[in-house]
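Notes for the one structure printed next.
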Amino acid sequence: DSRESYVGLFGTYHGRIADLMMTGTRITGRNNAFAGTLIGAASGETTIEHVQVFLSQRLGDLVGAGLAPTEEADPEAVQPWVKGRIVGGLVGAYTSGKGLSIVNSSASTVLSGSTYAGGLVGAVSGPTSINGSYADCYLKAEKTGGLIGTIGPGVALTMNNFYAVGYQAATRAAAGLTTYGDEQAN
């Protein structure tokens, strides 16, 4: 619902989500919203395991959804499927708590954030681990990161067996994995 500040399958969440596949999901939040395909804002001890987000059931990626640009097309013309202030392919923002853990999960979607966009998570302000996961996304925002849009100062981040591919259009900073933020995701 576009009137909410936290939008996704779950607006806010803490706990475990496992063994889920989402296809063709559109999430639209206000310009100040935290938006994620799965969770708008996560907190506490949150685990995401074996979760996949795809645009299309056909191939499960941008090409399968007919959204990948041809050599002649402008990649920035691709319309976003997840919109808000802080956006992520799985989670808009992890705000605080014992830790966010993303295991054997992926996101292939198109994201547009007014501030931050990340292939898996838009912004993190607490301990985060990513294992065996990837993002294949189009990202548009002030700051973009292939896996995490931005990470707050002093936040512990552990990553193993991961990758990020896709397209990024950032007005301030873009990074293959994550940018380093100057504000907390609150």
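In what follows, residues are counted from 1 in the order of the sequence shown.
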Can you hop from Leu177 to Leu157 via hydrophobic side chains spaced under 4.5 Å? yes
Please answer: with hydrophobic residues joined when any side-chain heavy atoms are less than 4.5 Å apart, are Met22 and Val103 in the same cluster? no
Testing the basics here: between [X] and [Y], what is the closest heavy-atom pair and its distance to 0.1 Å?
X	Y	value
Thr171	Glu142	OG1-CA, 3.2 Å
Ile39	Ala42	CG2-N, 3.8 Å
Ala107	Cys137	O-SG, 3.5 Å
Trp81	Thr109	CB-OG1, 3.7 Å
Leu139	Gly118	CD2-C, 3.9 Å
Gly97	Pro127	O-CD, 3.6 Å

Within the 4.5 Å heavy-atom criterion, are [X] and [Y] side-chain neighbours or not?
X	Y	result
Ser125	Ser96	no
Leu120	Ile48	no
Ile130	Ile148	yes
Thr28	Val7	no
Thr128	Ile151	no

Test your reading of the model: is there a side-chain donor-acceptor pair from [X] to the backbone of [Y], 3.5 Å cut-off?
X	Y	value
Ser106	Gln52	no
Thr37	Gly89	yes
Tyr116	Ala141	no

Does [X] have any side chain to side chain donor-acceptor pair (under 3.5 Å) partners at least two apart in sequence or in another chain, and if so, which?
X	result
Arg16	Glu49
Gln168	Thr144
Asn161	none
Asn104	none

Applied to residues 91-110, the salt bridge (charged side-chain N to carboxylate O under 4.0 Å, His left out) test, sequence neighbours excluded, yields none
Sort and list the pairs that fulfil salt bridge (charged side-chain N to carboxylate O under 4.0 Å, His left out) and have at least one residue in residues 152-171, not counting sequence neighbours. none
Check against side chain to side chain contact (heavy atoms under 4.5 Å, CB included), Ser105 and Ser133: CA-CA 5 Å; Ser105 297; Ser133 300; 4.1 Å; yes
Working to the nearest 0.5 Å, report the span between CG of Leu9 and CG of Leu20. 7.0 Å
What distance do Tyr138 atom OH and Tyr167 atom OH have between them, rounded to the nearest 0.5 Å? 8.5 Å
Once you measure the plane-to-plane angle for Tyr6 and Phe34, does it fall in the parallel (<30°), tilted (30-60°) or perpendicular (>60°) bin? perpendicular
